[in-house]
Amino acid sequence: MLACSSSEPLCQVLPAEASPLRYPILSQAKMKAAGLVLWMLVFCAGCAGPTLTSRVVQEEPSWFVRLDSYGIASTAPRYDHPSIWTSEEITAILGRLLLEDRVGLMDSAQPPRAVFSLEEIALLAPAIKESFQSAAPHEWIAYCTTIPHGSDLAVTSGGIFVSESLLHIVVANHRTLLARESADFRAVRENPFHSVRGSDGALTFESSRYVVRRQANWSGGHRASASELVLDHRGFFSILERTRAIATPPKPLKTGVGPPSISAGVSGSETEPQTVILQLREEIERLKRIVAEQEAEIARLQRHR
């Protein structure tokens, strides 16, 4: 039998004839300590998580576009990839992405800022088009651009993918100043979804009617959240095509004599007014944004007089 006392670190073993157990047994305190160490070992073994793997699509010293995944296609999320895009469609999307400042109740709202410059769009659009065409269903598109800013770099990074027929765009860092050899910059290059200090605003779209929702994205780590925009890109493209059709003059008829008959243009006359209205609304939104930017600039100049 065993005789244990709360003051003894180990249980005392009575003579063998009194007990079938011939070996000492650890006290409850030491058993708990051993269990805690075992639990920590198991927990830390799972902390590493899946390994991120990448396929470079295009990479230059100041930017890259690649396909990222966790390498295991059977357990990874499934995206609507591959898909066919045109450079014009991607350019239209990237050129209308905006960041809105998060302001308090007593703060005055600033006009939204463009996410990408024209130079960045010209670089990224062809590479993103190629990425969509070659992406596997478990891969998403990751991007990173850098602009020299003194001895530092202004870093913009994030990702883009299509899921359930909706376009998801993520901005993790926007013009974030990082030292070239810093651990933060290495972390962003390893995973462009890693947000160092947040996205510097809430991601939105110039035509808000196509925004399905906006949400935080924590897939790059717990330090700060990226901004994710879910977009009805198909609806946007359908209107874009119709406005292009209006802007394009009709081609002259190759057959027949004299001017084209009036009935030749009747087929599209029913949908034309609605398309024109939508086009005007798009232009009004653009003009409102320009006016807001000008008013903000005037207010800034007046404060510095």
When rounded to the nearest 0.5 angstrom, what is the spacing between CG in Asp80 and CG in Leu167?
10.5 Å

How about Tyr70 and Leu52: do any of their side-chain heavy atoms sit closer than 4.5 Å?
yes

Contact between Leu67 and Ile141 at the side-chain level, heavy atoms closer than 4.5 Å - yes or no?
yes

Mind checking what makes side-chain contact (heavy atoms from CB on, under 4.5 Å) contact with Ser62, not counting sequence neighbours?
Thr146

Side-chain heavy atoms of Phe185 within contact of Val155, under 4.5 Å:
yes

Closest contact, heavy atoms only, Val115 versus Glu120
O-OE1, 4.0 Å

Could you tell me the separation between the CD atom of Glu228 and the CD1 atom of Ile160, rounded to the nearest 0.5 Å?
11.0 Å

Could you tell me whether Arg113 and Asp101 have a side-chain N and a carboxylate O separated by less than 4.0 Å?
yes

Side chain proximity check, Leu231 to Val212, heavy atoms < 4.5 angstrom:
no

Please determine whether side chain to side chain contact (heavy atoms under 4.5 Å, CB included) holds for the pair Ile147 and Leu153, giving the CA-CA distance in whole Å, both sets of side-chain angles, and the decisive distance to 0.1 Å.
CA-CA 6 Å; Ile147 300 174; Leu153 293 173; over 6 Å; no

Hey, does Leu124 have a side-chain heavy atom less than 4.5 Å from the side chain of Thr145?
yes

Examine the side chains of Asn217 and Ser219 and answer whether a donor and an acceptor come within less than 3.5 Å of each other.
yes

Joint cluster assignment, Leu240 & Ile121, ILVMFWY side-chain distance < 4.5 Å:
yes

Side-chain (Asn173) to main-chain (Ser157) donor-acceptor, under 3.5 angstrom:
no

Using a distance-only test with no angle check, is there a side-chain donor-acceptor pair under 3.5 angstrom linking Thr204 and Glu100?
no

List the atom of Gly198, the atom of Ala224, and the distance in Å for their closest heavy-atom pair.
N-CB, 3.5 Å

Can you get from Val171 to Phe64 by hopping between Ile, Leu, Val, Met, Phe, Trp and Tyr side chains that sit under 4.5 Å apart?
no

Working to the nearest 0.5 angstrom, can you tell me the gap between His138 NE2 and Arg78 CZ?
8.5 Å

CD/Glu89 to CD1/Ile128 distance, rounded to the nearest 0.5 angstrom?
13.0 Å

Quick one: do Trp140 and Val162 end up in the same hydrophobic cluster if we chain Ile, Leu, Val, Met, Phe, Trp and Tyr together by side-chain heavy atoms under 4.5 Å apart?
no

Please tell me if the side chains of Val196 and Arg223 come closer than 4.5 Å, counting only heavy atoms from C-beta onward.
yes

Strictly distance-based, threshold 3.5 Å: is any side-chain N or O of Thr156 a donor or acceptor partner for the main-chain N or O of Arg175?
yes

Is Val57 linked to Ile169 within one hydrophobic cluster, defined over Ile, Leu, Val, Met, Phe, Trp and Tyr using a side-chain heavy-atom separation of less than 4.5 Å?
yes

Where do Ala226 and Phe193 come nearest, in terms of heavy atoms and distance?
CB-O, 4.5 Å

Asp232 side chain vs Gly235 backbone, donor-acceptor pair below 3.5 Å:
yes

Tell me if the CZ atom of Arg180 is crowded by more than 12 foreign heavy atoms within 6.0 Å.
yes

In terms of hydrophobic clusters joined by side-chain contacts under 4.5 Å, are Leu98 and Val170 together?
no

I want to check something: taking the side chain as every heavy atom from C-beta on, are Ile239 and Tyr210 in contact at a cut-off of under 4.5 Å?
yes

With sequence neighbours excluded, what pairs up with His168 under the ring pair (Phe, Tyr, Trp, His ring centres under 6.0 Å) test?
Phe161

If you measure from OG on Ser134 to NZ on Lys129, what distance do you get to the nearest 0.5 Å?
12.0 Å

Could you measure the distance from the OG atom of Ser131 to the CD atom of Glu139? Nearest 0.5 Å is fine.
9.5 Å

May I have all residue pairs that pass side chain to side chain donor-acceptor pair (under 3.5 Å) and include part of residues 186-199, sequence neighbours excluded?
Glu59-Arg189

Please report the closest heavy-atom contact between Ile93 and Phe205, naming both atoms and the distance.
O-CE1, 3.7 Å

Pro192 to Asp68 - nearest heavy-atom pair and separation:
CD-OD2, 3.8 Å

State, to 0.1 Å, how close His174 and Ala114 come at their nearest heavy-atom pair, and which atoms those are.
NE2-O, 3.7 Å

I'd like to check the side chain to side chain donor-acceptor pair (under 3.5 Å) partners of Trp63; sequence neighbours left out, ordered by chain and number.
none

Residues which pass ring pair (Phe, Tyr, Trp, His ring centres under 6.0 Å) with Phe132, listed by chain and number, not counting sequence neighbours:
His81, Trp85

Are any non-hydrogen side-chain atoms of Glu130 and Val65 less than 4.5 angstrom apart?
no

Short side-chain to backbone donor-acceptor contact, Ser163 and Tyr79, under 3.5 Å
no

Tell me, please, which residues at least two apart from Ser227 pass side chain to side chain donor-acceptor pair (under 3.5 Å).
none

